There are 2 protein chains.
Amino acid sequence: MKTIFERHNIKETPARNSILSVLKEAKNPLNYDQIREKMDIEMDKATFYRNIAKFEELGMVHKFEADDRKWYFELSTSVHAHFICDTCHKIICVDVTIGDVEGEVKSIVLKGTCKGCKR
Amino acid sequence: MKTIFERHNIKETPARNSILSVLKEAKNPLNYDQIREKMDIEMDKATFYRNIAKFEELGMVHKFEADDRKWYFELSTSVHAHFICDTCHKIICVDVTIGDVEGEVKSIVLKGTCKGCKR
DNA sequence: CTCCTTGTGCAACTAAGTCGCATTGATAAA
DNA sequence: TTTATCAATGCGACTTAGTTGCACAAGGAG
């Protein structure tokens, strides 16, 4: 059984292990600060961003911008939507079905007021 | 017949007229640079952003982030989706129907590869 | 061991957007 | 008409997430 690193032909390093293990445990997409807080080791932000860029390039990680000028990262899975609440700013993964669209959809971001804040 | 400015209780100024008239003619959401190019007058970016913030606050304009760390603006209309192409970076307004979502959706952003780039 | 590639840390940089402040301009009161 | 008031504008400094250049470290190949 090849490791995820072997499968993608990149070296296994503590930094990469740490980033990936945080993403593996995450229920929702996380930004740099959130990931850093959860990581067991410290690393320079350049190291973080370079590794996440590599992961993305290899298709291991998917990123998108919320409405706070920050990138949010998650492990690549099947295409699903993210609901970003205007009020509490939480990001929630949701399943939606989308009607006909011209092109191949890879990411879906919905914004609005979540159930909890709406009430 | 009240002007749009009277209706929202704000002063009509050349800057505001210029911004709004660009947005009125736009087929798709535009960012600051795109709007500036199309405006008939010049104004400081602070003026632009403050006015657009006011428009947004009054519900006249809707803004969202694409994946390029820029805000895109359009006149508020019914909720519809924006498709952002990974390849050509064009932003296209599309009608979609989305299934059940927990909360009130105000904005929908789809990313992927558009029909033109996909082929 | 030496070469060479790849990963990391540090510090400087980038750029969209924001903010403080002085000035302008229009409206309202005197 | 003059004066007071308040919003709109311009300018320049600032903020901040993310990026880049460069020197150094690590680690495998020959």
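From a predicted model like this one, the values you see are computed outputs, not experimental measurements. Chain letters run A, B, ... following the sequence lines, proteins first, then strands; residues in each count from 1.
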Side-chain polar contacts of residues 80-88 of chain B - donor-acceptor pairs under 3.5 angstrom, sequence neighbours left out - could you list them?
unit_1, atom_1, unit_2, atom_2, d
B/H80, ND1, B/T77, OG1, 3.3
B/H80, ND1, B/S78, O, 2.8
B/H80, NE2, B/E74, OE1, 3.3
B/H80, NE2, B/H82, NE2, 3.2
B/H82, NE2, B/E74, OE1, 3.1
B/H82, NE2, B/E74, OE2, 3.1
B/D86, OD2, A/K106, NZ, 3.4

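Residue A/E42 contributes atom CD, which lies 14 Å from atom C1' of C/dT8 at whole-angstrom precision. If you take CG of A/L20 and P of C/dG7, they are 13 Å apart, rounded to a whole angstrom. Separating the CD atom of A/E57 from the C1' atom of C/dG7 is a distance of 14 Å, rounded to the nearest angstrom. Atom pair B/H8:NE2 and D/dA7:P shows a separation of 18 Å (rounding to whole Å applied). Protein atom CD1 of A/I52 is 16 Å distant from nucleotide atom C1' of C/dT8, rounded to whole Å. If you take CD1 of B/I10 and P of C/dG25, they are 20 Å apart, rounded to a whole angstrom. As rounded to whole Å, 8 Å separates atom P of C/dT8 from atom CD1 of A/I41. In this structure, B/D67 places its CG atom 16 Å from C1' of C/dA15, rounding to the nearest Å.
Under 4.0 angstrom from either OP1 or OP2 of D/dA8 there lies no side-chain N or O belonging to B/T47. Contact annotation: A/T13 does not reach the phosphate of C/dT6 (side-chain N/O to OP1 or OP2, under 4.0 Å).
Residues satisfying the side chain to side chain donor-acceptor pair (under 3.5 Å) criterion with A/Q34, sequence neighbours excluded, are absent altogether. Scanning for side chain to side chain donor-acceptor pair (under 3.5 Å) contacts around A/D40 gives A/S18, with sequence neighbours left out. Residues satisfying the ring pair (Phe, Tyr, Trp, His ring centres under 6.0 Å) test with B/Y49, not counting sequence neighbours, are B/Y32.
Residues in residues 7-34 of chain B take part in these salt bridge (Lys or Arg N to Asp or Glu O under 4.0 Å) pairs, two or more places apart or across chains: B/D33-B/R36.
B/E65 contributes a side-chain N or O that, together with a main-chain N or O of A/R69, makes up a donor-acceptor pair within less than 3.5 Å.
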Take nucleotides 16-26 of chain D nucleotide by nucleotide from the 5' end and write B, S or -, depending on whether a protein heavy atom sits under 4.0 Å from the base, only from the sugar-phosphate, or from neither.
-SBBBBB----
